[in-house]
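Basis for what follows: all heavy atoms, side chains included, without hydrogens, waters or symmetry-related copies. First the proteins, then the strands, lettered A, B, ... as listed; each starts at 1.
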Amino acid sequence: MSSAFDKLARPVQKWIRQQGWRELRDIQARSIRTICETNADLIVAASTAGGKTEAAFLPLISQVLDEPFDGIGFDLLYIGPLKALITDQAMRLEGICQEAELPVIPWHGDVSQSIKTRALKSPKGILLITPESLEALFIRRGLEIARVFGATQAVVIDELHTVLDSERGVQLCSLLTRLELAIKRPIRRIGLSATLGDMDLAKAYLRPDAASSVQLIEADGGEAELRLQLRGYVSGDEDENSPSATDAIAAHLFKHLRGSDNLVFAGARQRVEIYADRLRELCEREHLPQEFYPHHASLSREHRDFVERRLKDVAKPTTAVCTSTLELGIDIGDVTCVAQIGAPFNVAALRQRLGRSGRREGQPAILRQYAVEAKLTSESSFVDRLRLGLIRSIAMIDLLLEGWCEPPKPEALHLSTLVHQILSVIAQRGGASANVIYNVLCREGPFRQVTTEVFANVLRAIGHPETDLIEQSGSGLLLLGKTGERLVEHYSFYAVFQTPEEFRLVVDGRDLGTLPVDNVLAPGMLLIFSGRRWVVQEIHDLEKVIVVKPAKAGVPPVFGGDPGDIHDKVIEQMFAVLEGDFKPVYMDAVAHTMLEEARAHYDQLEFQANNIRSLGEHTWIIATRFGTVKTSTLALALRSEGFLVEQHDGFLVVEAGDETPDLRMVLARLSAGYTGDIFAGAENLITEKFHVYLSRPLLELDAVSSRLVPGLLPGMTSRILQV
DNA sequence: GACCTGCTGCGGGCTG
């Protein structure tokens, strides 16, 4: 401990002693040495509550105290993806900074204007901010950026893994570049991250120009013992005497989770509502106090805070039935067990979820996986017979145990976010030449895949008189057009991601939460929401408000969503499960029977000998053996040839149209080199917030860079034809 | 066939 401890400033050492810490954690000691002895960028990777924040800030605060930079401005910048995280971290840092007499400024949408105004007047200390609020500073106070961050020594990016290669991550990367350009020097970057399978892409994200010089400090495994059970349930065979799969799972959860803190990941908000409703009913029927609560993003902040407080409160046993809202972010303490209903979409999330349990010394991490599969009849489709949900659950558990998880996706063009950043640079500078914008965003910033030609086409699209986001002045300077000005002026501009339109659900003047507008509702209709039952009283279309009152029955609403994106490796593992004969020890008898059924049917379809199987004269099943991106590319190519195509994990069901040629002939043609128009299959190309301003060719380019791989079609189809 | 995240400036009314 001594050598690392000795490097810290006096007030920081004093704070550590006050905490009664006997020693620094390994990642903290290593991080202190790296930060004090080098100027390197750094990633600190450890699980939640692993002491990452202190690992970064103890030495950084020491440097600010011992070697302050000349000039004014915030000394340190922290960027967090959630408001709640910023509030939490500000409280933790205040403890350390009180001793050091350094101000700590939390800055997000819920922080009062007066705190922000005061902080901007004399910026110093640590600024904790969201990417969106930082964006707002660039747009509203573009000319003050150099003054506000003139003395900034380092920027700490929390939950780095959640922003990697997302729209928000590209925005943040762009803002960091623009920050360094504004103050005309690099700022040390420190990323705090969960441990990922492959950290190289995280390094490249943190410092694109010098990924290899980014230092990595990773916590040693030291993982808790894992206890695992996968239970199978058959749905659709309920009669008066046997309960439905949902009731059976609810009863099992009720019996095993009551009395402790747990998280039940139900996969979709609608299922969260269904299970929370059943569990509440079970408590009422047994005259027991309520301890099961729903938690998802459409529920009011008030209700979510209540559930989070109950989880933190050790005196009240609480099980949250939830979506990924409780996967990351604020610390809710240790939970006894994590349950997962239905197959998850990716291994990375499964690992993150599991990390919420087994954190206390000597306690195992417990995962209860529930797989629901349809009852088989003579009419059942091959999808039901292959039990793809169960197979995916097994494949994902296998990969989890191997320590694998999905790497961040390779970089896409991100043209929607590019449009946003072009407008932002123009607003920041009050006008800029095309050349300057290209240098800032595409040469120095994150849009490096964008060629000058594509960039010019983007400018043309958003400068088109009908789009009118930008216009050119006589001197060649690019300025905001009328529409562009209106867009940038409104606060809704700062976020780069799209959000759906919603109704507010109100009872007695209090907000219950929100519902997507595509729910068809009328007064008198019954609803399950927030774990309780309601009847719709009034609908105000203009104000987007629905007034409800309590009721005795109800149905859960539809929340919608995007199709999941399953990685190639997961599909590969699913085929290994179908083709293997091992019997996972963690499964119950029902799950074993289902696995046997799946394997028997897989053999019967003879996919080991042939990837293409005819079902009658006009229908085929193709085993693509690829993940979502590649499989949907092939689906689109076949649709553009006139086939009707249905997509499943690693499989396509293809039906001939009226005048379609033979499937094998088409696949052979694709394998010889694809020349067709993949978009003739009519794909919706407006998927991101600023896509509406781009031209059709640019949208196709953007889709091909991120969601489709037509270039791989020849290779894929020859592999499919080979077996 | 899914989930999550975020937001400024101004003016009006009220309190001390």
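Residue-level contact check: A/Arg140 touches the backbone only, with heavy atoms under 4.0 Å from sugar-phosphate atoms and none from bases. Residue-level contact check: A/Ser492 touches the bases, meaning some heavy atom is under 4.0 Å from a base atom. A/Gly109 comes within 4.0 angstrom of sugar-phosphate atoms only, judged by non-hydrogen atoms across all strands, and of no base. Across all strands shown, A/His296 has heavy atoms under 4.0 Å from sugar-phosphate atoms exclusively, and none from any base.
Within the structure, a side-chain polar atom (N or O) of A/Thr323 is placed less than 4.0 Å from OP1 or OP2 of B/dC4. Contact between the side-chain N/O atoms of A/Thr499 and the OP1/OP2 oxygens of B/dT5 is not found at any separation under 4.0 Å. Checking the phosphate oxygens (OP1, OP2) of B/dG9, a side-chain nitrogen or oxygen of A/Gln113 falls inside 4.0 Å. At the phosphate of B/dC7, OP1 or OP2 sits under 4.0 Å from a side-chain N or O atom of A/Thr130. The phosphate of B/dT8 has OP1 or OP2 within less than 4.0 Å of a side-chain N or O from A/Lys116.
A/Phe345 has its CZ atom 12 Å from the P atom of B/dC4, to the nearest Å. In this structure, CZ of A/Phe138 is placed 17 Å from C1' of B/dT8, rounded to the nearest angstrom. B/dC4 atom P lies 5 Å from atom CZ of A/Arg269, rounded to whole Å. Rounded to an integer number of Å, the gap from CG of A/Leu82 to C1' of B/dC3 is 13 Å. The distance between atom CD of A/Glu502 and atom C1' of B/dG6, rounded to the nearest whole Å, is 13 Å. Residue A/Arg304 contributes atom CZ, which lies 12 Å from atom C1' of B/dC3 at whole-angstrom precision. Nucleotide B/dC7 holds its P atom 15 Å from the CZ atom of A/Phe493, rounded to whole Å. Here the P atom of nucleotide B/dT5 and the CG atom of A/Asp110 are 13 Å apart, to the nearest Å.
For the ring pair (Phe, Tyr, Trp, His ring centres under 6.0 Å) with A/His296, the qualifying choice from A/Phe265, A/Phe559, A/Tyr275 is A/Phe559, the only one to do so.
Comparing A/Asp562 and A/Lys689 along DNA chain B, the residue whose closest nucleotide (by nearest heavy atom) sits nearer the 5' end is A/Asp562. Mapping A/Asn346 and A/Arg301 onto DNA chain B via the closest heavy atom, the residue that lands nearer the 5' end is A/Asn346.
Among B/dG6, B/dC4, B/dG9, the nucleotide with an atom closest to any side-chain atom of A/Arg141 is B/dG9.
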Side-chain donor-acceptor pairs under 3.5 Å in residues 412-420 of chain A, sequence neighbours left out?
residue, atom, partner, partner atom, Å
A/Ser416, OG, A/Phe690, N, 3.0
A/His420, NE2, A/Phe493, O, 2.9

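The aromatic ring of A/Tyr494 is not stacked on the base of B/dT8, since the criterion of ring centres less than 5.5 Å apart with planes inclined by under 30° is not met.
Ring geometry for A/Phe149 versus A/Phe74: interplanar angle of 30 to 60°, hence tilted.
Note on residues 77-90 of chain A: pairs passing salt bridge (charged side-chain N to carboxylate O under 4.0 Å, His left out), not counting sequence neighbours, are A/Lys83-A/Asp110.
A salt bridge links A/Glu597 to A/Arg387: at least one charged side-chain nitrogen sits closer than 4.0 Å to a carboxylate oxygen.
Checking side-chain atoms of A/Thr319 against main-chain N and O of A/Phe292 turns up no donor-acceptor pair under 3.5 Å.
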